[in-house]
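What follows is one structure encoded as structure tokens, with my remarks underneath.
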Amino acid sequence: MITMKRCALVLGASGGLGGAMVAEFLNDPAIDKVFAVSSKQNTTDLSGGHSQSKLVWLQSEYNETAMADTVSHLMPFAGMFSRVCICHGLLHSDKLWPEKRLEDINSNALQDIFQSNAVVPALWLKVLFKVLKGQVPCIVATMSARVGSVSDNHLGGWYAYRASKSALNMILKTAAIEYARRAKNVKFIAFHPGTTDTPLSKPFQATVPTGKLFTPEFVAERLAIIMDSAKLDGELAYLDWDGQSIAW
Ligand SMILES: NC(=O)c1ccc[n+]([C@@H]2O[C@H](COP(=O)([O-])OP(=O)(O)OC[C@H]3O[C@@H](n4cnc5c(N)ncnc54)[C@H](OP(=O)(O)O)[C@@H]3O)[C@@H](O)[C@H]2O)c1
């Protein structure tokens, strides 16, 4: 009897949450191979003592040509992906900072944040279609954020980040509708990890209540459990780390 391989794919694998998802999938005996895609080289041992041959690290730029080329390396495993995690995200850098008021809105910052938070995930959904379509149930979780919820916005501020996550959610919803028609084996989750100790949240951790700053490992474990229980219903689920639905 031929046992079909199960593969996992992590996009944006060098980040705090991306790295934790790679480690989570490497430790999952139900997964035979983990593909990690990053703009950076792999410098850390994520294997936790497991066979390094289980991990395939692919370096890629995030333009459509380079991404399509990266996907060509996945084609021999088309139809075998059961888990995909899209982990890209940008909130601040040496050139940009979340806006506190209207006067802080800046065209370049808006474009940079939309590019990493919404455009790059959208391009992955396009170029990965032929790799994900098949018979194997495939759960695609994308790192969104609660601040992308329009109804949950009571504080204001963070224009670009909030809007990019709302845009991401709409892209995921639209893709869920199309995949439900063309690739019924794929289920989408827009995931809010909660405030997690990574470089992205570092400057904002001082005000986080005790016990509410999660480790990436805890969040990865939570997301793996949520992905395990996801149903192929053709819908986009918008869920937090506790598996609770978030209002749009
Ligand atoms: N940490 C939190 O508290 C928190 C809370 C809510 C939501 N999130 C979301 O969780 C996701 C992961 O964030 P993190 O906390 O792990 O942050 P992180 O450690 O700073 O990781 C950043 C991630 O974004 C990718 N990235 C950075 N600049 C990019 C660009 N210009 N274009 C495309 N990709 C780029 C990196 O990919 P490479 O592998 O190529 O470096 C990496 O995967 C983000 O979507 C974030 O918005 C995080």
Side-chain angles (χ1 to χ4, degrees), residues 9-24 34-44 46 55-64 66-67 70 84-98 108-125 127 140-149 152-153 158 160-169 171-172 189-209 211-220 222-223 226 238-242 246:
L9 172 62
V10 179
L11 303 155
S14 288
L17 284 161
M21 288 315 299
V22 172
E24 179 69 31
V34 181
F35 292 89
V37 177
S38 175
S39 57
K40 304 186 181 75
Q41 283 182 333
N42 183 19
T43 50
T44 47
L46 295 162
L55 176 65
V56 179
W57 192 274
L58 300 168
Q59 215 178 333
S60 179
E61 291 178 22
Y62 299 132
N63 60 70
E64 193 174 338
M67 292 161 86
T70 299
V84 177
C85 211
I86 305 179
C87 300
H88 303 278
L90 184 64
L91 171 60
H92 61 86
S93 73
D94 51 359
K95 289 191 293 222
L96 60 90
W97 194 253
N108 290 337
L110 273 165
Q111 286 179 36
D112 285 355
I113 289 192
F114 267 74
Q115 175 66 23
S116 54
N117 295 6
V119 175
V120 169
L123 290 174
W124 281 129
L125 299 182
V127 296
V140 178
T142 304
M143 297 293 171
S144 181
R146 194 184 297 279
V147 296
S149 162
D152 192 66
N153 185 358
W158 292 24
Y161 187 75
R162 279 183 191 281
S164 69
K165 292 297 188 183
S166 300
L168 169 69
N169 288 350
I171 287 163
L172 293 173
I189 299 171
F191 181 69
H192 170 63
T195 309
T196 309
D197 186 8
T198 69
L200 182 136
S201 71
K202 207 52 108 193
F204 310 98
Q205 292 178 359
T207 54
V208 178
K212 290 288 182 196
L213 180 65
F214 301 140
T215 64
E217 294 73 26
F218 168 78
V219 175
R222 294 299 316 167
L223 180 53
I226 289 168
Y238 187 18
L239 301 174
D240 70 9
W241 57 274
D242 198 23
I246 301 172

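As the structure is a computational prediction, the values presented were derived from the model and not from experiment. Order of listing sets the numbers, starting from 1, for every ligand and every atom in it.
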Residues S149 and Y238: closest non-hydrogen pair is N-OH, 3.2 Å
Q: Could you establish whether S144 and ligand 1 come within less than 4.0 Å of each other, counting only heavy atoms on the residue side?
A: yes
Output for pair (T215 OG1, D197 CG), nearest 0.5 Å, gives 8.0 Å
the protein heavy atom lying closest to atom 11 (C) of ligand 1 turns out to be M143 CB, 3.3 Å
Practice prompt. May I ask you to test the M143-C85 pair for a side-chain heavy-atom distance under 4.5 Å?
Written response: yes
Is there a nitrogen or oxygen of L11 sitting under 3.5 Å from a nitrogen or oxygen of ligand 1? no
Near A13 (heavy-atom distance under 4.0 Å), the atoms of ligand 1 are 39 (O)
If you scan protein heavy atoms around atom 32 (N) of ligand 1, the nearest is S116 CB, 3.4 Å
Of S201, G15, G148, the one whose closest heavy atom lies nearest atom 42 (C) of ligand 1 is G15
Looking only at protein heavy atoms, what sits closest to atom 23 (C) of ligand 1 is C87 O, 3.6 Å
Is the ring pair Y161/W158 parallel, tilted or perpendicular, if the boundaries are 30 and 60 degrees?
perpendicular
For W124 and Y62, take the angle between the two ring planes, folded into 0 to 90°, and tell me which bin it lands in: parallel under 30, tilted 30 to 60, perpendicular over 60. perpendicular
message = Under 4.0 Å, counting heavy atoms only: does F204 come that close to any atom of ligand 1?
response = no
In this structure, CZ of F191 is separated from CG of D240 (nearest 0.5 Å) by 7.5 Å
The reported gap from NE2 in H92 to CD1 in I113 (rounded to nearest 0.5 angstrom) is 9.5 Å
The closest protein heavy-atom partner of atom 15 (O) of ligand 1 is T198 OG1, 2.5 Å
Within the 4.0 Å heavy-atom cut-off, what K165 brings close to ligand 1 is side chain
closest protein heavy atom to atom 37 (O) of ligand 1 is G12 CA, 3.5 Å
Rounded to the nearest 0.5 angstrom, the CH2-OG1 distance for W241 and T195 is 11.0 Å
Separation between OG (S116) and CG (L168), nearest 0.5 Å, reads 10.5 Å
Counting from 1 in the order shown, the ligand 1 atoms closer than 4.0 Å to a non-hydrogen atom of T195 are 3 (O)
The closest protein heavy-atom partner of atom 2 (C) of ligand 1 is T196 N, 3.6 Å
key: Validation row: V22, L55 side chains within 4.5 angstrom (heavy atoms)   = yes
*Does an N or O from G16, backbone or side chain, lie closer than 3.5 Å to an N or O of ligand 1?*
yes
the protein heavy atom lying closest to atom 5 (C) of ligand 1 turns out to be G194 O, 3.5 Å
Any heavy atom of P193 under 4.0 Å from ligand 1? The part involved is side chain
Nearest non-hydrogen protein atom to atom 17 (O) of ligand 1, with distance, is L200 CB, 3.3 Å
**Prompt:** For ligand 1, is there an N or O atom under 3.5 Å from any N or O atom of G89?
**Reply:** yes
### Task
State, yes or no, whether a side-chain contact exists between S164 and F114 at a heavy-atom distance under 4.5 Å.
yes
